[in-house]
Amino acid sequence: MKLDKLIAWLREADAASLETLWREADSARDRHVGGQVHLRGLVEISNHCRRSCAYCGLRHANAKVRRYRMSPAEILAAAKTAVGLGYGTVVLQAGEDEALTAPLVAEVIRQIKSGAHTGNLAVTLSLGERTEDELALWKDAGADRYLLRFETSNKTLFKRIHPPLPGRNCRRIDILRVLRDLGYETGSGIMVGIPGQTYEDLARDLATFVELDLDMIGLGPYVPHADTPLANAAPAEKDQTPNDGLMACKVVALTRLVCPDTNIPATTALSALDPISGYEGALTRGANVVMPNLTPTRYRRFYDIYPMDRGGCGGPVTFNKKIRARIAAIGRTTATGRGDSPHYLNRTGVLRVGQRPVGGVVA
Ligand code: 5AD
């Protein structure tokens, strides 16, 4: 799809036309990745962060955050919970926390991968901008996937909202290439409606997904956090993209059309804006993954990236029941197994020509 076509869809306001977009995205989702929804257990292992991103509540400069770091034993216990709930993947996410040293993280990965209960879990890491040596060590230890959003393809906007560490460049696109070369199943994504983001920027973000040949693409609406500089950003200009659920769903649908065999989550940020039907909205417009939160309840409210009700959905067991019922109610099933990205399986040649992945499993 050309940039001007993407921009036209992003600006589309006609309900009947949008129905066509939703139908096409849902059909592409069905043909390329199947009807199953993959559940990933998300464990927010630390909210310490050395960075001071203008949009994120966990920014180093925010002294109001109560900081925590889970112990390896606590992380292992959460991985066991993931298995107990029938999930095939555990996602370890944190701020850029230097105390999560490369050897420490490698040891946690090894313990998960060698555990009697947890050994079959796919391990996804989302630990920020780390060095090639660290990423290589974790791959050797058994990590399968890595998530690092490039947030926006507009370099000026990115610099404004994402100050580099002193004396270093921000090089998320370079890191994404490194991850791919190391053999990771690679995920990235953006926020929709960042102050200063235009429709053309969003269209270029979609083109960048294609260019980077990503396996997983996560995106959600930007949600202002009162204790961050971006919450006081100047009022929107005329080309400003809205940070609402409709805009985010348009980007989910277009992402499915331009990168049809990727795994795309219905993200928590979407659900934060619309707790009643945020997940369903994305799942019926191109998404095929949900990431239930398994962070121990005593830490969860401190992982305050953006404001949302972090206690309202109950603990992991309650949420698991609810989300499975909600998925069944839209006529979909939940997958078992790792749920690798069909795009990854295709590009790494795990699938022979003519074979079609169904729910991430070779048919
Ligand atoms: N609103 C929405 N998403 C946010 N993220 C961080 N802060 C916010 C916010 N205020 C997203 C970023 C990051 C991911 C972990 O969370 O895209 O990559």
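Ligands are counted one by one from 1 in listed order, and the atoms in each one are counted from 1 as well.
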**Prompt:** Taking NZ, NE, NH1 and NH2 as the nitrogens, is one of them in R11 or D239 under 4.0 Å from a carboxylate oxygen of the other?
**Reply:** yes

**Complete:** shortest atom 8 (C) of ligand 1-to-protein heavy-atom contact is with I305 CG2, 3.5 Å

**Request:** Look only at interatomic distance and state if Y222 has a nitrogen or oxygen under 3.5 Å from any nitrogen or oxygen of ligand 1.
**Result:** no

**Message:** Evaluate V223 for polar contact with ligand 1, using N/O atom pairs at a separation under 3.5 Å.
**Reply:** yes

**Message:** Assess, by modelled atom type and distance only, whether the side chains of S27 and R31 contain a donor and an acceptor separated by less than 3.5 Å.
**Reply:** yes

**Request:** With the side chain counted from C-beta on, respond yes when W9 and L257 share a heavy-atom pair under 4.5 Å apart, and no when they do not.
**Result:** no

**Asked** atom 3 (N) of ligand 1: which protein heavy atom is closest, and how many Å away?
**Response** M191 SD, 3.4 Å

**Message:** Any salt bridge linking R256 with D26? Criterion: basic side-chain nitrogen under 4.0 Å from a carboxylate oxygen.
**Reply:** no

**Message:** Counting only heavy atoms, tell me which of H162, E151, Q93 gets closest to atom 15 (C) of ligand 1.
**Reply:** Q93

**Message:** Less than 4.0 angstrom from a charged side-chain N to a carboxylate O is my criterion; do E129 and R171 meet it?
**Reply:** no

**Message:** Can a donor-acceptor pair be found, under 3.5 Å and without considering hydrogens, that links the side chain of D144 to the backbone of T124?
**Reply:** no

**Request:** Provide, to 0.1 Å, the distance between atom 2 (C) of ligand 1 and the closest protein heavy atom, together with that atom's residue and name.
**Result:** P221 O, 3.3 Å

**Message:** Can you tell me which portion of R149 lies within the under-4.0 Å heavy-atom range of ligand 1? Options are side chain, backbone, both, or neither.
**Reply:** side chain

